[in-house]
Amino acid sequence: MAMTPDYEPVIGLEVHAQLRTRSKAFCSCMVRFGDPPNTLVCPTCLGLPGALPALNREVVTLAVRVGLALGCTLRRRSRFARKNYFYPDLPKGYQITQFDEPLCEGGFLEVSQPDGSSRRIGIERAHIEEDAGKNIHGDGASHSVSRIDFNRAGIGLLEIVGRPDLRSAAEAAEYLRQLRAVLMAVGANDGNLESGSFRCDANVSVRARGDTRLGTRTEIKNINSFRFVQRAIEWEIAAQVATLTEGGAVAQVTKNWDDEAGRCHVLRTKDGSDDYRFFPEPDLPPLVISEAFIAAVASTLPTLPAARRVSYVRERGLTEGDARLITEHPSIADWFEALAAQTTDAKRAANWVCNLVKPGVVTHGLNATFPLAVPALAGLFARLDDGTLSSTIAKDVYAKMVATGRSADAIIEAEGLRVLRDEGAIEAMCRGVIEASPRQLAAYRGGKLALLGYFKGEVMRASGGRADPRTLDVILGRLLAV
Ligand code: ADP
Ligand code: MG
Ligand code: ZN
């Protein structure tokens with residue numbers, strides 16, 4: 001980056017992913033969004049005296065799925081700990097988490113780069129913990145009122161701590177996208193940044209290029225969109241470089257990203273490590289997982305996004321960029337594969353999926369609603385294959401298919417949209433355009449050959465985009481040469 005000639009950015013992301021379980025991690029309250037506040041609570045998740053936690057097996061299954069997908073070592077015997085701190089959204093006064101004996105350690109994510117290569121980003125650890133409640137500030141009438149909704153308190157989270165291996169804001173955003181794709185692919189998380197079920201803290205430092213020691217880092221909390229992640233990190237890198245360039249020192253602080261202002265603000269200082277007085281959770285036994293359990297979970301893992309990307313590029317000829325876009329959401333990848341199975345040209349299918357279909361897909365967590373059905377688009381491709389449509393007209397037909405729900409054939413028939421190959425008709429249009437453009441014709445014949453594009457465009461327009469380009473080229477070339 002031209003902006004940072006002498007400094008190298010170093011970034012490590014911490015992700016909190018809500019595990020897609022029916023009930024919470026340590027009680028049987030339901031996990032749901034949008035319910036009235038404080039209706040999905042019980043003595044355990046409210047931390048009332050005497051209530052005891054009991055670990056939800058599904059939390060473990062999903063955490064193991066992620067651990068396996070990220071190539072982590074799974075601790076056969078892990079433990080829960082209490083992280084003690086006071087905050088209004090934390091009813092017990094401590095969070096159940098895993099501290100020195102986490103379930104998953106030492107994995108990696110293969111992050112594909114724009115040039116098609118990939119870089120292995122280390123995963124330090126991934127551990128199970130519980131979510132806190134949510135503070136709601138202001139009630140419409142008064143800004144001085146804050147309320148707390150505990151529906152979220154006690155939902156199972158997987159905290160995935162990435163190693164400081166990322167080297168640019170763009171790479172960090174890509175890592176986040178690809179990590180999210182893995183979590184969604186294994187069904188562990190719904191990938192929803194806006195609703196907060198997938199949250200990210202970014203740790204950022206810079207160091208002199210060539211230096212192997214880590215610089216002082218700042219931590220940007222709770223960034224809730226991919227765009228913001230990239231902008232926030234870019235801003236923070238520039239700010240740190242400016243500080244160091246001026247001879248100052250980076251302060252170890254916690255910040256947040258203010259997108260309206262386009263900058264980070266300091267939330268609090270963070271000197272050394274905070275003292276959470278961690279101690280083993282006395283109300284939960286150690287978590288012991290058997291080889292048989294791990295093997296059973298492993299046998300149900302789907303093909304992961306990275307493997308899908310590689311096979312799309314190597315076996316189906318897709319570009320790296322298309323393969324990446326398609327594997328960002330498992331339902332989109334499934335849809336693409338179904339389409340590719342019904343058509344002759346996977347690369348074209350990928351192109352259409354990325355440029356036309358995907359922008360019209362509405363995702364809701366792991367579910368996706370497509371603007372049309374796979375066989376409908378395959379039907380349109382068949383009309384491209386047999387030459388009935390040019391690719392320009394096909395795009396119009398596609399738009400009409402999406403708008404009306406009718407088939408490609410029905411639209412082609414009703415609107416007479418076939419490619420025009422009739423040489424007589426095309427020649428007549430060419431003559432019409434040439435007659436109407438005496439100045440351009442003289443210039444063209446005088447040597448301004450670039451005007452060929454003008455003539456082609458005019459005839460194409462006259463034909464409503466339907467003239468067969470090759471026939472048009474031949475006829476126009478002949479008429480203009482005279
Ligand atoms: P904490 O819990 O205080 O945030 P951790 O040791 O768990 O501290 O570190 C969290 C994250 O910070 C990790 O994702 C790690 O990669 C990242 N990190 C640590 N040191 C640096 C650094 N100097 N620059 C950038 N990221 C860092
Ligand atoms: Mg942290
Ligand atoms: Zn509960």
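These values consider heavy atoms only, across backbone and side chains, with no hydrogens, waters or symmetry-generated copies. First listed ligand is number 1; within each ligand, the first listed atom is number 1.
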Numbered in order shown, the ligand 1 atoms found under 4.0 Å of a heavy atom of Arg163 are 16 (O)
Quick note on ligand 1: atoms under 4.0 Å from a heavy atom of Gly162 include exactly 13 (C), 14 (O), 15 (C), 16 (O)
**Asked** Between Phe336 and Tyr312, how do the two ring planes meet: parallel, tilted or perpendicular, split at 30° and 60°?
**Response** perpendicular
Leu13 heavy atoms within 4.0 Å reach ligand 1 at atoms 14 (O)
(Q) Could you go through Lys221 and Asp201, starting from their C-alpha distance and side-chain angles, then the distance that decides it, and tell me whether this counts as salt bridge (charged side-chain N to carboxylate O under 4.0 Å, His left out)? (A) CA-CA 5 Å; Lys221 281 285 183 196; Asp201 301 340; 3.2 Å; yes
Between Cys45 and Pro91, the two heavy atoms sitting closest are O-CG, 3.4 Å
Note: SG(Cys29)-the Zn ion (ligand 3)-SG(Cys42) angle, rounded to 10 degrees, equals 100°
Going by the 4.0 angstrom heavy-atom rule, the piece of Asp165 near ligand 1 is neither
The option among Asn203, Val15, Val206, Asp201 carrying the non-hydrogen atom nearest to atom 12 (O) of ligand 1 is Asn203
Rounded to the nearest 0.5 Å, the CZ atom of Arg125 sits from the CD atom of Glu159 at a distance of 7.5 Å
Check the orientation of Phe278 and Phe99. Use parallel for under 30°, tilted for 30 to 60°, and perpendicular for over 60°. parallel
Notebook entry, point to check: Looking at side-chain heavy atoms only, is the closest gap between Gln95 and Arg82 below 4.5 Å?
Noted result: no
Do Glu328 and Gln178 have side chains that get closer than 4.5 Å, going by heavy atoms? no
In this structure, the Zn ion (ligand 3) sits at the vertex of an angle between SG of Cys27 and SG of Cys45 that rounds to 10° as 110°
So the atoms of ligand 1 within less than 4.0 Å of a heavy atom of Val161 turn out to be 13 (C), 14 (O)
Quick note on ligand 1: atoms under 4.0 Å from a heavy atom of Gly12 include exactly 14 (O), 16 (O), 26 (N)
Q) Taking the side chain as C-beta and beyond, is there a heavy-atom pair between Phe279 and Tyr94 under 4.5 Å? A) no
Please report whether ligand 1 has a polar contact with Gly215, defined as an N or O pair separated by less than 3.5 Å (distance criterion only).
yes
Say whether Glu124, considering both its backbone and side-chain N or O atoms, lies within less than 3.5 Å of an N or O atom on ligand 1. no
Ligand 1 to Val10, heavy atom cutoff 4.0 Å, flagged ligand atoms 24 (N), 25 (C)
